[in-house]
Chemist: 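Just passing along the structure, written as structure tokens.
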Amino acid sequence: MALRFYNTLTRKKEEFYTVHPGEVRMYTCGPTVYDFAHIGNFRACIFGDILRRYLEYKGYKVAYVMNITDVDDRTINGSQKQGIPLTEYTKRYKDAFLEDIKNLNIKPANIYPEATAHIAEMEALVKSLLDRGHAYENQGSIYFRISSFPEYGKLSNMDMSRLKAGARVAADEYEKEEVADFALWKGWDEKDGRVFWETEVGKGRPGWHIECSAMSMKYLGKHFDIHAGGVDLVFPHHENEIAQSEAATGEKFVNFWLHNEHLMVEGRRMAKRYGNYYTLRDLLDKGYNPIAIRYLLLATHHRQQLNFTFDGLEAAKNALQRLYDFVDNLKLSKGDKDNPEIDEVLQRAKKDFEEALDDDLNTSEALGVMFTLVKEVNRLADEKAISSSDAGKVLTVVNEFDSVLGLLRREELILDQEVKALIEKRVSARKEKDFALADQIRKDLEEKGIILEDTPEGTKWKRKM
RNA sequence: GGCGGCUUAGCCAAGGGGUAAGGCGGAGGUCUGCAAAACCUCUAUUCUCCGGUUCGAAUCCGGAAGCCGCCUCCA
């Protein structure tokens, strides 16, 4: 089966194709660096990561760009409250974001362009929109005229003529010709303080949407393959990006628009404004393993809402442990007689795994395939043992799967001398049938996060997750 | 009001015309000094409800109920 994605633009699953043969250019809307990102934000990052990794698995060369929004109301307010320059304020959160990304085993994008470093590109884009009559100036700000772009609404399936002025339509929008027009460039305001740029389109700062158009086109070209992000961005952000970009270039902007659903908490979308969020740091401080969080976030299909619970996180951790135990046991396989069924099991697993991900990145099903493989191999090992060469083949396939899933990264397992000595001491105690001492050592080590397993091959240990 | 989505076991979650993947939890068992760990086996006659289409419906169509999202700076 060919690779297919659900495209928000066409509202159906479409066979994937690229603008340039063998090469995928993709862009994901990244964080606004005014605070630590919450795990709902990271759901989008993990979705982008799986997408990128699977495209690479399929043999595509991927150029991946994720922007950093470092100038908007929130970053300006935040820096002013702390009385520090905008860049100093945003740097802290940008660094934190990159650290979080690393903790979640998300492969870095090729570039993380910052809005403030691309003012000239945005200025050029705004000028071009003004020249073509798609934008107008009013009281120092420049707005996009949606009436000049008849296709406006094609992504979000919105009929602008029926737009109802809801509670969230701000009262001061009178400067615009139509309510749905949006700011490309915001004229300087006292509230902006020292945050402004003197440009040919005026003194001020960029609107939100323009940065993604300017930066994605700069790094990926006017017409590229994939643009991803959370569903909340479909309207207005992505709709506006399309309008700006296509109006300015006269070309189709992006072929595939992919969106992930929200992370929920107690039946409601996780969001800063509801106060119902957890940052990655919150969870790591509670002792949760970042990879278990990654597991949780990718175990549900990306177009499905996912309710976050600590029970769910616990279950994810235990599932991950099963995977780790499987890999560890494989590494200890010592048999020398090959099991003829292994090849068939592996072949089927690979086929099923790829079919699952080919179908709109069905990560839930792909995980199911992984665990079915675990069960089948364990069963074969249980029945008549597998050889070390069989185990090696299985490990190769598991690692191939993991090049997409990214779950097998573990901390270096290094035992210090003291712990080693304790384990030795316990082994002797058991030989001498001093089980009270043996159990005490086992308990002490468990408190240190080390779990011991007595197997026919001797005592093994592993780190508690 | 407009647009869109969801409802599958105790919990999480795939599937989407041919007779219910997978994980967690639970129950048995193998191994073991052991209530540890690991591994194995079992764990939904049925998919929110009511109609319809069909040889056949969890799946398609119509309706109802409940829940969620977007509708101007939010992943």
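All heavy atoms count here, side chains included; hydrogens, waters and symmetry mates do not. Labels below follow one simple rule: chain letters A, B, ... track the order of the sequence lines, proteins then strands, and each chain is numbered from 1. As the structure is a prediction and not an experimental result, all values here were calculated from the model.
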Chemist: Return no unless some side-chain N or O of A/Asn378 is found under 4.0 Å from OP1 or OP2 of B/A38.
Modeler: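 So the side-chain polar atoms of A/Asn378 never come under 4.0 Å of the phosphate oxygens OP1 or OP2 of B/A38.
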Chemist: Considering only the P atoms, how many Å lie between B/A27 and B/A37, rounded to the nearest integer?
Modeler: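 12 Å, rounded to whole Å.
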Chemist: Quick one: A/Ile441 CD1 to B/A37 P, roughly how many Å, whole number?
Modeler: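 So the CD1-P distance, A/Ile441 to B/A37, works out to 19 Å.
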Chemist: For A/Gly312, answer base if it contacts any base atom (sugar-phosphate contacts may also be present), sugar-phosphate if it contacts only those atoms, and nothing otherwise; contact means non-hydrogen atoms under 4.0 Å.
Modeler: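 No contact.
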Chemist: Applying salt bridge (charged side-chain N to carboxylate O under 4.0 Å, His left out) to A/Glu376 and A/Arg348, what does each step give before you reach the verdict?
Modeler: CA-CA 11 Å; A/Glu376 287 177 343; A/Arg348 191 173 57 240; 3.0 Å; yes
Chemist: Where the side chain of A/Asp454 is defined as all heavy atoms beyond and including C-beta, which of B/A36, B/A75, B/A14 is the nearest nucleotide?
Modeler: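 Out of B/A36, B/A75, B/A14, the nucleotide with an atom closest to A/Asp454's side chain is B/A36.
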Chemist: Measure from the side-chain heavy atoms of A/Arg430 and tell me the nearest of B/C6, B/A75, B/G33.
Modeler: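 Per side-chain heavy atoms of A/Arg430, the pick is B/G33.
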Chemist: What interatomic distance, in whole Å, is found between C1' of B/U8 and the corresponding atom of B/G15?
Modeler: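 Each nucleotide's C1' atom is 10 Å from the other's.
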Chemist: Taking donor-acceptor contacts at under 3.5 Å, does the side chain of A/Arg442 reach the base of B/C34?
Modeler: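 A donor-acceptor contact between them is present.
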Chemist: Quick one: do A/Arg442 and A/Asp439 make a salt bridge, cutoff under 4.0 Å?
Modeler: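 Looking at A/Asp439 together with A/Arg442, the answer is yes, because their closest N to O distance falls below 4.0 Å.
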Chemist: Please report whether the ring centroid of A/Phe308 lies less than 6.0 Å from that of A/Tyr278.
Modeler: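 Here the rings of A/Phe308 and A/Tyr278 have centres that are less than 6.0 Å from each other.
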Chemist: Looking only at side-chain N and O atoms, does A/Arg322 come under 4.0 Å of OP1 or OP2 in B/C39?
Modeler: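 For A/Arg322, the contact criterion (side-chain N or O under 4.0 Å from OP1 or OP2 of B/C39) is met.
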Chemist: For A/Ser364 and B/A13, is the shortest distance between a side-chain N/O and OP1 or OP2 below 4.0 Å?
Modeler: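 No, A/Ser364 has no side-chain N/O under 4.0 Å of OP1/OP2 on B/A13.
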Chemist: To the nearest Å, give me how far apart CZ (A/Phe401) and P (B/G22) are.
Modeler: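 That distance rounds to 15 Å.
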Chemist: CD of A/Gln321 versus C1' of B/G23: gap in Å, rounded?
Modeler: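 One finds 14 Å between C1' of B/G23 and CD of A/Gln321, rounded.
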Chemist: Kindly say if A/Asn318 contacts the phosphate of B/G23, meaning a side-chain N or O under 4.0 Å from OP1 or OP2.
Modeler: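 The answer is no; no side-chain N or O of A/Asn318 sits under 4.0 Å from OP1 or OP2.
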Chemist: Answer yes or no on whether A/Arg268 is positioned over the face of A/Tyr274, meaning its NZ or CZ is under 6.0 Å from the six-membered ring centre and within 45° of the axis.
Modeler: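 Yes; both conditions hold, so A/Arg268 lies above the ring face of A/Tyr274.
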Chemist: What is the nucleic acid contact for A/Met270, judged by heavy atoms within less than 4.0 Å: base, sugar-phosphate only, or nothing?
Modeler: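 Base, at least one base atom sits under 4.0 Å.
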Chemist: Determine the interatomic distance between C1' on B/A58 and the same-named atom on B/A21; round to the nearest Å.
Modeler: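 It comes out at 14 Å once rounded to the nearest Å.
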Chemist: Is the phosphate of B/C73, meaning OP1 or OP2, less than 4.0 Å from a side-chain N or O of A/Arg205?
Modeler: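 No, no such contact exists.
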